[in-house]
Amino acid sequence: MLDQKLIRENPKSVEENLSLRGKLYDIPQIHKLTINKKEIDVEISDLQSESKKLSKLIGQEISKSQSNNSEELINLKKKGNEYRNKISKLEERQRILEQEINSQILNLPNFPSKDAPIGKDESHNIEVKTWGDPLKKEDLKSHWEIGESLNLFDSIKSTKISKSRFITLIGNGAKLERALINFMLDMHTKNGYLELIPPALVNSESLTGSGQLPKFSNESFKCSNDDLWLSPTAEVPLTAFHKNEIIDPKRLPIKYVAYSPCFRREAGSYGRDTRGLIRLHQFNKVELYWFCDPSESIEAHKKITSDAENILRQLNLPYRIVDICTGDLGFSSSRTFDLEVWLPSSKCYREISSCSNCLDFQARRSSIRTKIEKKNTYLHTLNGSGLAIGRTMAAILENGQQTDGSVKIPDALVPYFGSNFLKTA
RNA sequence: GGAGAGGUGGCUGAGUGGUCGAAAGCGAACGACUCGAAAUCGUUUAAUAGGAAACUAUUCGUGGGUUCGAAUCCCACCCUCUCCGCCA
């Protein structure tokens, strides 16, 4: 959430900053509302002050005179009543304005960072680094072909259970999924992250706090009888974990790693990635999350990205890092580095992790602060996948495929998986 | 799901219509004493919004209501605890 005061006092700069995203936002409109509300705030405060003084006076008079319906008292009460009427009328207007302003501000995305490349869409994203040698050969199988031949998962049967875009992992497929989760959690906890397993269902307030609501209600599954949603990413419960808190600066940075299932409706993606493990309504993910001092978030962003990268290196999967341009940035993010893993069958890099610096955007929405020189200050939050499990499995299957149809398991994963190769049973 | 109890500052906990943003204690900070410390004594110690400041307003789970005036009375909701039921 953007700072209401900033919009009131500096609407031009807000508008300029947001325009980098390549969309129009009606800041003058909101600006007018905030000015209007401010006037009413002052007016109400003045009237309340008067009314409070009067009430005290009445109290004093009553205790002095013993009787409580002298003519003087009746007049004073009448005056008090007038105050009350005036105030409640103003408060009504204040409430409406507040709601209007709030709903508009909650729909404004974060400011893009000055360092993010300027551009309209993903074609303007910048590749900043590549690692490893992308496997380029003809006759390479897709991961879903490999999965089928090695009987690792079944999507057809899963449509009976649920619908399309769900998967059932089978035998070694299930075991590989489990191995990947454990491997990643171990790597990150050794590296200073505290492990959390948060609830998979989250309430509306939590989704609003991290930026999924109100704008993207279409992208999450909602429970019909409760104010609960299936969490689309552990970023949501992790942000909400410290909602409405003032965190001792000595505790910062706080670094969490969380395994969680993630649920996404994938509305509007009909026909894309319909096969395999790339785009599912339910997938597992290990998520990294930082709460840090505002002065340290740029460094933290580099660190969280390299912590995610570390997993890809350990697994020996070729990847690249992409600096997301202003027009392609997610709603809550000011700067994002995507990690993209090489998928030989489609001869391209696919996103496997998105590492974002949200600055104080989520912290303000969720009211998470720290003390800096005795002043309460919104801290900064960062998140990054470390990594998406399904896509990692897809990458291992495709990059590790052998001519005999088996798949080589990356060395670092062998202790977790229990053997060097995936073969037909 | 049923019955009961309760939600007050960093914590414990008093407060059932008036000067209560809230006693007392604990904790914390600072000062005195001390070579230093402990103990003791003294002072200070909630947040938010606005304001350069003085100060003003709001906040006793949340939202409404009654009243000149609400932590206190009324209504709705949320949450926690205990007991019963059900259950992995």
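Side-chain atoms are counted along with the backbone in the values below, which use heavy atoms only and exclude waters and symmetry mates. A note on names: the letters A, B, ... follow the listed sequences, proteins ahead of strands, and every chain is numbered from 1.
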Picking from B:rG50, B:rG64, B:rC68, the nucleotide nearest the side-chain atoms of A:R95 would be B:rG64
To the nearest angstrom, the CD-C1' distance between A:Q99 and B:rG63 comes to 12 Å
- Query: Between A:N357 and A:S297, is any side-chain donor less than 3.5 angstrom from a side-chain acceptor?
  - Reply: yes
For this session: Would you tell me whether A:Q94 and A:E98 have side-chain atoms, one donor and one acceptor, within less than 3.5 Å of each other?
Result: no
Q: Ignoring backbone atoms, test whether A:R369 places a side-chain nitrogen or oxygen under 4.0 Å from the OP1 or OP2 oxygen of B:rU48.
A: yes
Please tell me whether A:S49 and A:D46 have a donor and an acceptor in their side chains that are separated by less than 3.5 angstrom. no
When A:E9 and A:K371 are each assigned the nearest nucleotide of RNA chain B, the 5'-most assignment goes to A:K371
Separation of B:rG65 atom P from A:I87 atom CD1, nearest Å, is 13 Å
Next on the checklist: Whether the A:K408 and A:N316 side chains hold a donor-acceptor pair (N or O, under 3.5 Å, no angle test) is what I'd like checked.
Outcome noted: no
Winner on side-chain proximity to A:R84, out of B:rG51, B:rC68, B:rU56, is B:rC68
Comparing A:E50 with A:Y378, nearest RNA chain B nucleotide closer to 5' gives the residue A:Y378
A:S49 side-chain N/O to B:rA57 phosphate OP1/OP2 under 4.0 Å | yes
Among B:rG50, B:rC68, B:rU48, the one nearest any side-chain atom of A:N81 is B:rC68
Given Watson-Crick and G-U pairs under 3.5 Å, RNA chain B in dot-bracket ([ ] crossing, | other strand) is ((((((((.[[[..)..(.....]]]((((((.......))))))(((((....))))).[[[[[..)....]]]]])))))))....
* Asked: Do A:E398 and A:S345 meet the criterion of a side-chain donor-acceptor pair at a distance under 3.5 Å?
  -> yes
Under a 3.5 Å threshold, yes or no: a donor from one side chain and an acceptor from the other, between A:S155 and A:S158? no
Separation of B:rG50 atom P from A:Q94 atom CD, nearest Å, is 13 Å
From CG of A:N203 across to C1' of B:rC79 the rounded distance in Å is 12 Å
* Just by distance, with hydrogens left out, do A:T239 and A:Y289 show a side-chain donor and acceptor under 3.5 Å apart? -> yes
Original post:
So what does A:K5 hit on the nucleic acid, given a heavy-atom distance under 4.0 Å: a base, only sugar-phosphate, or nothing?
Top reply: sugar-phosphate
Taken to the nearest whole Å, CD/A:E91 to P/B:rG65 is 9 Å
Do the ring centers of A:F216 and A:F331 come within less than 6.0 Å of each other?
yes
A:F221 ring center near A:F263 ring center (under 6.0 Å): no
Exercise. In terms of side-chain heavy atoms, does A:D323 have a donor or acceptor partner in A:N125 at a distance below 3.5 Å?
Worked result: no
Margin query: Heavy atoms only, 4.0 Å cut-off, all strands: where does A:K78 land among base, sugar-phosphate and nothing?
Written below: nothing
Under 4.0 angstrom, heavy atoms only, what part of the nucleic acid is A:K37 near: base, sugar-phosphate, or nothing?
-> nothing
Taking N or O atoms only and anything under 3.5 Å, show me the protein contacts with nucleotides 16-22 of chain B, one pair per line.
residue: B:rG18; atom: N2; partner: A:S55; partner atom: O; Å: 2.7

